[in-house]
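Here the structure is a predicted model, which is why all the values come from computation and not from measurement.
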Amino acid sequence: MVRFWIALVLAIGAVAPAGAARLKPDDVNSAELRKRAPGEDRMDPVAIRAQIILDRAHFSPGEIDGRFGDNAKQALAAFAVSKGLTSGAKLTPELWAALMQQDQAPAIVTYKISKQDLKGPFLKKLPKKMEDMKDLPALGYTSPREEVAEKFHMSEGLLAGLNPGKSFDKADDEIFVANVLKPDEKVPPIVKLDINKDEGSVQAFDADNHLVAVFPATVGSEEKPTPVGSFKVTSADPDPTYRYNPDYEFKGVKARKPFTIKPGPNNPVGSYWIELSVGQGYGIHGTPEPSKVGKTESHGCIRLTNWDARFLGDHIKKRATVELH
């Protein structure tokens, strides 16, 4: 038992700043709001529990990393509005109570690593340049740990922190994960999207104009601004092949001829592509770097985490209206 706690402390130290509180699954499931609200400086059981509840309610905090950053605050503010509360982005007792009332399911659950999780094939290394990706047979995960973390919407750091000493490469090995999967959930078809470039958010609505989901997003850049206006969804395709056209003139890409990159979660557009009637290859898509959603610029498109892009793509109607402003 002593060796277990030493290993736990060492593992947390590898993914969180010195002095971070010891991270235990039971502490997350029983976490209660303290006088000092969680911040971005360290992984915190309160932040983890709040992020998981928001994710389960489809107010996506992006990557669940246990740090209450901008994406989590934005998700919380949208959740507050949906409940008729005015607390906004600050995790107040009133909002904490609303979160606890929203969902009583445990935030952290156990999961057995499956043979499918280990099937691969896995990349030895993800190339940094697009041109170096074109000859790869697939853009898969770089490790089982990356695959499992994405499956449960988590950062690899949080996954490792909850499972000290685990290698994530043994079938039937039991680990702790975020309780975000809801396989039997019925979601109404999404017929309208409202995309706010300044806020970096995507709001999804059903036919009765009820809010279905909110996602953090990276929307365009100064170099490649995303067009504003009213558009339509023309297609939604899982596991897309990425096609680069030199006319895009992306910074850092020197290719003078078009090339294609095979499908996979580490494809430049991730694991889902939702085409918009903007023309010139604009769309909503996933990303191989979920931690950067809402924090870095894109090549003009709307970038979501892979799991948010897949949720949206699986439930959006063709010809859905997209308001981009």
Side-chain angles (χ1 to χ4, degrees), residues 27-107 153 178-180 182 185 187-188 190-219 228 230 284 290-291 293-295 302 304-305 307-308 311-312 315 321-325:
D27 287 347
V28 176
N29 286 336
S30 62
E32 292 295 342
L33 186 64
R34 305 177 302 274
K35 288 184 178 180
R36 181 181 180 274
E40 298 183 63
D41 58 335
R42 65 183 68 192
M43 290 190 290
D44 185 298
V46 170
I48 298 168
R49 191 178 186 189
Q51 284 180 308
I52 292 171
I53 293 174
L54 288 167
D55 184 290
R56 286 173 57 84
H58 303 306
F59 291 87
S60 174
E63 184 179 68
I64 297 170
D65 59 4
R67 305 168 193 271
F68 216 72
D70 290 341
N71 287 344
K73 292 174 183 176
Q74 180 172 275
L76 184 66
F79 176 80
V81 171
S82 76
K83 298 298 182 182
L85 303 175
T86 57
S87 301
K90 186 177 180 181
L91 195 51
T92 63
E94 182 182 37
L95 261 179
W96 181 257
L99 286 172
M100 295 302 100
Q101 187 176 5
Q102 169 72 29
D103 200 330
Q104 287 79 47
H153 310 177
N179 185 17
V180 294
K182 302 168 73 175
E185 181 185 31
V187 179
I190 294 168
V191 302
K192 185 179 76 172
L193 298 178
D194 184 281
I195 302 176
N196 189 309
K197 293 174 66 174
D198 292 335
E199 293 181 359
S201 68
V202 175
Q203 294 189 331
F205 299 87
D206 66 13
D208 295 320
N209 206 37
H210 293 147
L211 185 65
V212 176
V214 179
F215 313 107
T218 298
V219 187
V228 298
S230 183
I284 303 169
S291 65
V293 167
K295 301 171 186 177
I302 297 95
L304 311 177
T305 65
W307 52 88
D308 286 342
F311 176 89
L312 181 58
H315 296 101
T321 300
V322 179
E323 299 293 339
L324 224 161
H325 56 90

Subject >> Contacts of S230 that satisfy side chain to side chain donor-acceptor pair (under 3.5 Å) - sequence neighbours left out >> reply: E323

Subject >> Contact check, side chains of I48 and D65, non-hydrogen atoms, under 4.5 Å >> reply: no

Subject >> Pairwise side-chain contact, L312 with L304, heavy-atom cut-off 4.5 Å (strictly under) >> reply: yes

**OP:** With the side chain counted from C-beta on, respond yes when I195 and S201 share a heavy-atom pair under 4.5 Å apart, and no when they do not.
**Re:** no

Original post:
Shortest non-hydrogen contact from P216 to V293?
Top reply: O-CG1, 3.4 Å

Subject >> Closest approach of D27 to P45 (non-hydrogen atoms, all atoms of both residues) >> reply: O-CB, 3.7 Å

Subject >> Over all atoms of both residues, closest heavy-atom pair of R42 and R67 >> reply: CA-NH1, 3.3 Å

Subject >> salt bridge (Lys or Arg N to Asp or Glu O under 4.0 Å) partners of D44, counting only residues at least two apart >> reply: R34

Original post:
Is the count of non-hydrogen atoms from other residues, nucleotides or ligands lying under 6.0 Å from K182 atom NZ greater than 12?
Top reply: yes

Review item, side-chain donor-acceptor pairs of residues 95-105, under 3.5 Å, at least two apart:
residue, atom, partner, partner atom, Å
W96, NE1, E32, OE1, 3.0
Q102, OE1, K83, NZ, 3.0
D103, OD1, A105, N, 2.9
D103, OD2, R56, NE, 2.5
D103, OD2, R56, NH2, 3.3
Q104, NE2, M100, O, 2.6
Q104, NE2, Q101, O, 3.0

**OP:** Evaluate side-chain contact (heavy atoms from CB on, under 4.5 Å) for V202 paired with I302, printing each intermediate quantity in order.
**Re:** CA-CA 9 Å; V202 175; I302 297 95; 3.9 Å; yes

Original post:
Under 4.5 Å between any side-chain heavy atoms of E63 and H153, yes or no?
Top reply: no

**OP:** List in chain and number order the residues that pass side chain to side chain donor-acceptor pair (under 3.5 Å) with D198, two or more places apart in sequence or in another chain; answer none if no residue qualifies.
**Re:** none

Subject >> For the student: nearest non-hydrogen atoms of A47 and G66, plus distance >> reply: CB-O, 3.3 Å

Subject >> Expected output: side-chain N196 to main-chain G200 donor-acceptor under 3.5 Å >> reply: no

Original post:
Sequence neighbours excluded, which residues qualify as side chain to side chain donor-acceptor pair (under 3.5 Å) partners of S60?
Top reply: D308

**OP:** Walk me through it: do R36 and D41 pass the test salt bridge (charged side-chain N to carboxylate O under 4.0 Å, His left out)?
**Re:** CA-CA 13 Å; R36 181 181 180 274; D41 58 335; 3.7 Å; yes

**OP:** May I ask you to test the K295-D70 pair for a side-chain heavy-atom distance under 4.5 Å?
**Re:** no

Subject >> Side chain to side chain, V187 and V212, heavy atoms closer than 4.5 Å >> reply: yes

Original post:
Mind checking what makes side chain to side chain contact (heavy atoms under 4.5 Å, CB included) contact with A72, not counting sequence neighbours?
Top reply: Q51, P61, F68

Original post:
Residues in side chain to side chain contact (heavy atoms under 4.5 Å, CB included) with P106, at least two apart?
Top reply: N29, V109, N179

Original post:
Taking side chain as C-beta onward, heavy atoms only, is L324 less than 4.5 Å from K197?
Top reply: yes

Subject >> Side-chain (D194) to main-chain (A204) donor-acceptor, under 3.5 angstrom >> reply: no

Subject >> Pairs where residues 40-65 contributes a residue and the test ring pair (Phe, Tyr, Trp, His ring centres under 6.0 Å) is met, not counting sequence neighbours >> reply: H58-F311, F59-F79

Subject >> Nearest heavy-atom neighbours spanning L91 and A37 >> reply: O-CB, 4.2 Å

Subject >> side chain to side chain donor-acceptor pair (under 3.5 Å) partners for T321, two or more places apart >> reply: K232

Original post:
Of the non-hydrogen atoms in I64 and A178, which two are nearest, and what is the gap between them?
Top reply: CD1-CB, 4.4 Å

